[in-house]
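Just so we're clear, the structure is a prediction, and the values are computed from it rather than from any experiment. Sequential numbering from 1 along the given sequence is applied to the chain's residues.
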Amino acid sequence: MEAANRRWHRLGWVVFLSVLVLITACGGNAGGNSTGSGSPATGEEVTSGNAGGGEGSGKTLRIRYYDDPAGFDPATIFRVENENIAFNIFSGLTTYDSRSGEIIPDLAESWTTEDNKTWNFKLREGVQWQQGYGEFTSADVLYSYQRILDPAVASPYANEFKNVESFEAPEPYVFVVKLKTPDGNFLHQVANYHQGQIVKKEAVEKLGDQFMWNPVGTGPYYIDSIKTNSQIVMVRNEDYFRGPAPIEKLVFSIIKDDDTAAIALQNGEVDVAMRIEKTELLQRLEAAGFKLNPLYDRAVNVRIFNTTVKPLDNVKVRQAWAHAVDWAGNIEATNPLGESPTTNLLPKWMSVYSEDVPVYDYNPEKAKELLTEAGFPDGFTITMHVRDVEEIDQLEQENLRAVGIDLKFEIVEAAQYNQIRNDGTFEVSGRLLPAINPDTILFSYLHPDNIAPKGMNGAHYDNPDLTAKLEAARTEIDPDKRKTLYAEVQKIALTDLPYIPMLSANGYWPSAQKVQNVIINPLSEVNFYEVDITQ
């Protein structure tokens, strides 16, 4: 009966998607020229103020989007699926090469620094804002960065600029950043990601709290319309400074269930599926002739311990948890294509990745010994908030039960789940943080300035020795010395174990053969400016 219900559920989604595509095809321009006045939470359609969203003769790419949108304001944006939209709307001073992850010019055509402390950026001239907001200048950069630091905005990314002494816009096409201490990784802070994305003051002030649904940038696409729980339509920016994108329109259909998304791809209802990572689905799609478009070891998924909660404040308890779970075996049993074992907080491809860290092999007897030493010979009970309980979570629960740890799951809605993680009001949780800059991960997770709710240090971890080495690594100019410091940071973190590296997630965006250049960058984003369709 349960299997039959699932089949009817999937069939219902297919019918819904087919009707949606038919309505979209027959409905003409849903966006019009009105400015959005309602949040998608109201159930109404939100349309952009930018004209040009009607049916045209250009190419349309249909993409599976896997969750309800949560807004696209760079100051407050959260979750990878939203970041994919923002990455194609906004620009930074720098951006990333899709294949290598290397820093490349974006709104800044060049930059210089002699000491990694004062950074001088030469900006592109003639770049136009979307929706008729005029030409981009250094004043826009200054406003965007000052807005991130404004306490009234309450951006979770404000600490990314904590090392900044001053921002200066001395000329329309010159921008200067002076840091308190040298930072060889600073170009990542001004890249097209979160705090680095440049917004237009006049648009923010005009739209107010609706800016998150009607974002204005200088990137290759803009949002034409959003239909709650259904669809996001983006149209190319004809005035984009690199030239118009090959594809005129991007239609994102919101399909939350991976099985349903795979069916939609096979039925031709979408051309690309954003993030399908289940092994059985990937095997089925590849056998049917679809491209998988993989990115291996895209990011590390961690188990977070709130170290202010007993008994998780005891390092032996955290180490016992690590030994109790058969991480590699559970991955092999549930999703060997989508995930792989790992032993570090950093992905293996990062240049400062170190193998000289403690490794917690599957050893239930060792786990029991550590629990006894910590004063919990009979184990304990702990609660973890989750959006849903995956099979790998159930296996972890069984592993822990075998050594006396009773892990209970409390299922909550997505918004509440994210709020609990951001506030750091959990006992045990999880997170996956894609990054190219190692500081993004290490500072976010380990530095006391980022203890939740100020940042992503949900473990409330504070080790002065590690903090000193982490700060020294950021300011060290010599790359070999910097790498040594980062290695020491990793070793301390994996000894104290406020986070367990559970698995390394692989990324897949399966697509039809006609879709070209779907390249997932190390931030788990796709630059749709590079994507094309061959007929």
Side-chain angles (χ1 to χ4, degrees), residues 1-22 24 61-70 79-82 84 227-232 251-296 298-299 301 330-340 386-397 409 411-414 417 430 432 503 505-515 518 520 524 526:
M1 179 63 72
E2 184 177 338
N5 287 337
R6 285 199 299 267
R7 286 195 296 270
W8 277 109
H9 173 74
R10 294 172 186 171
L11 180 59
W13 262 106
V14 173
V15 172
F16 166 78
L17 286 169
S18 300
V19 172
L20 177 61
V21 171
L22 181 60
T24 303
L61 183 70
R62 300 164 300 167
I63 307 141
R64 176 268 180 126
Y65 192 82
Y66 57 82
D67 209 343
D68 295 327
R79 301 203 317 253
V80 172
E81 69 276 17
N82 300 304
N84 263 279
K227 295 179 182 178
T228 310
N229 305 322
S230 171
Q231 187 182 85
I232 304 168
V251 178
F252 296 85
S253 295
I254 299 171
I255 310 173
K256 297 180 182 180
D257 179 71
D258 281 2
D259 296 84
T260 307
I263 293 171
L265 183 60
Q266 288 184 288
N267 288 349
E269 292 157 357
V270 295
D271 306 306
V272 182
M274 180 190 289
R275 201 197 73 175
I276 289 181
E277 295 168 357
K278 292 182 179 180
T279 294
E280 64 272 20
L281 296 180
L282 294 170
Q283 290 173 333
R284 189 177 82 201
L285 290 170
E286 187 172 40
F290 290 89
K291 295 190 288 188
L292 298 187
N293 303 309
L295 172 65
Y296 301 110
R298 68 181 181 92
N301 200 329
N330 294 351
I331 291 168
E332 182 63 29
T334 57
N335 196 16
L337 282 183
E339 300 158 352
S340 59
V386 295
R387 292 185 58 185
D388 49 54
V389 181
E390 302 285 348
E391 185 179 359
I392 196 167
D393 299 323
Q394 294 173 329
L395 292 177
E396 181 179 5
Q397 184 184 48
F409 299 115
I411 299 175
V412 295
E413 295 295 326
Y417 175 69
L432 183 145
L503 58 88
N506 302 322
Y508 298 89
W509 282 39
S511 73
Q513 288 291 336
K514 67 179 180 179
V515 183
V518 177
I520 309 172
S524 299
V526 169

Practice task
Determine yes or no for a side-chain-to-main-chain donor-acceptor pair under 3.5 angstrom, with Asp259 supplying the side chain and Leu281 the backbone.
Solution key: no
Exercise for the section: Could you tell me whether the side chain of Asn293 and the main chain of Ile520 form a donor-acceptor pair under 3.5 Å? Expected result: no
Handout entry: Leu265 and Leu285, any side-chain heavy atoms less than 4.5 Å apart
Key = yes
Exercise for the section: Could I get the full list of side chain to side chain donor-acceptor pair (under 3.5 Å) partners for Asn330, not counting sequence neighbours? Expected result: Asn399
Exercise for the section: List for me each residue that meets side chain to side chain contact (heavy atoms under 4.5 Å, CB included) alongside Glu332, sequence neighbours excluded, and say none if there are none. Expected result: Pro336
Practice task
Please report the closest heavy-atom contact between Asn82 and Pro69, naming both atoms and the distance.
Solution key: OD1-CA, 3.5 Å
Exercise for the section: Could you tell me which residues satisfy side chain to side chain donor-acceptor pair (under 3.5 Å) with Ser340, sequence neighbours excluded, listed by chain and number? Expected result: Asp297
Exercise for the section: Sequence neighbours left out, what passes side chain to side chain contact (heavy atoms under 4.5 Å, CB included) with Ala333? Give chain and number order. Expected result: Leu395
Completion exercise
Closest heavy-atom pair, Ala288 versus Gln266, reported as atoms and distance to 0.1 Å, is CB-NE2, 3.9 Å
Exercise for the section: Find the distance between OH (Tyr65) and CZ (Arg275) and round it off to the nearest 0.5 Å. Expected result: 11.0 Å
Exercise for the section: Could you tell me the separation between the CG atom of Leu337 and the CG atom of Leu292, rounded to the nearest 0.5 Å? Expected result: 8.0 Å
Completion exercise
By side chain to side chain donor-acceptor pair (under 3.5 Å), Asp67 pairs with (sequence neighbours left out) Arg387
Exercise for the section: Kindly give the heavy-atom pair with the smallest separation between Ile254 and Lys227, and that separation in Å. Expected result: CD1-O, 4.4 Å
Problem - Backbone N/O of Gly289 and side chain of Gln513: donor-acceptor pair under 3.5 Å - result: yes
Problem - side chain to side chain donor-acceptor pair (under 3.5 Å) against Tyr66, all qualifying residues, sequence neighbours excluded - result: Glu81
Completion exercise
Residues Pro510 and Leu282: closest non-hydrogen pair is CG-CD2, 4.0 Å
Problem - Non-neighbouring partners of Ile411 that pass side chain to side chain contact (heavy atoms under 4.5 Å, CB included), sequence neighbours left out - result: Val386, Val389
Exercise for the section: Measure the CD-NZ distance between Glu390 and Lys278 for me, rounded to the nearest 0.5 Å. Expected result: 6.5 Å
Practice task
Look up atom CG in Asn335 and atom CG in Asn506, then write down how far apart they are to the nearest 0.5 Å.
Solution key: 8.5 Å
Exercise for the section: Run through Val518, Val251, Val515, Val270 and flag the one making a side chain to side chain contact (heavy atoms under 4.5 Å, CB included) with Leu61. Expected result: Val515
Practice task
Over all heavy atoms of both residues, which pair between Ala505 and Leu432 is shortest? Give the atoms and the distance, please.
Solution key: CB-CD1, 3.6 Å
Handout entry: Spacing of Asn84 atom CG and Arg79 atom CZ [to the nearest 0.5 Å]
Key = 12.5 Å
Exercise for the section: Tell me, please, which residues at least two apart from Ala261 pass side chain to side chain contact (heavy atoms under 4.5 Å, CB included). Expected result: Arg64, Ile255, Ile276
Completion exercise
When every non-hydrogen atom of Glu269 is compared with those of Arg62, the smallest separation belongs to O-NH1, 3.6 Å
Problem - salt bridge (Lys or Arg N to Asp or Glu O under 4.0 Å) against Asp68, all qualifying residues, sequence neighbours excluded - result: Lys256
Fill in the blank from the handout: d(Phe290 CZ, Asp271 CG) to nearest 0.5 Å is 9.5 Å
Problem - Qualifying residues under salt bridge (Lys or Arg N to Asp or Glu O under 4.0 Å), relative to Arg298, sequence neighbours excluded - result: Glu277
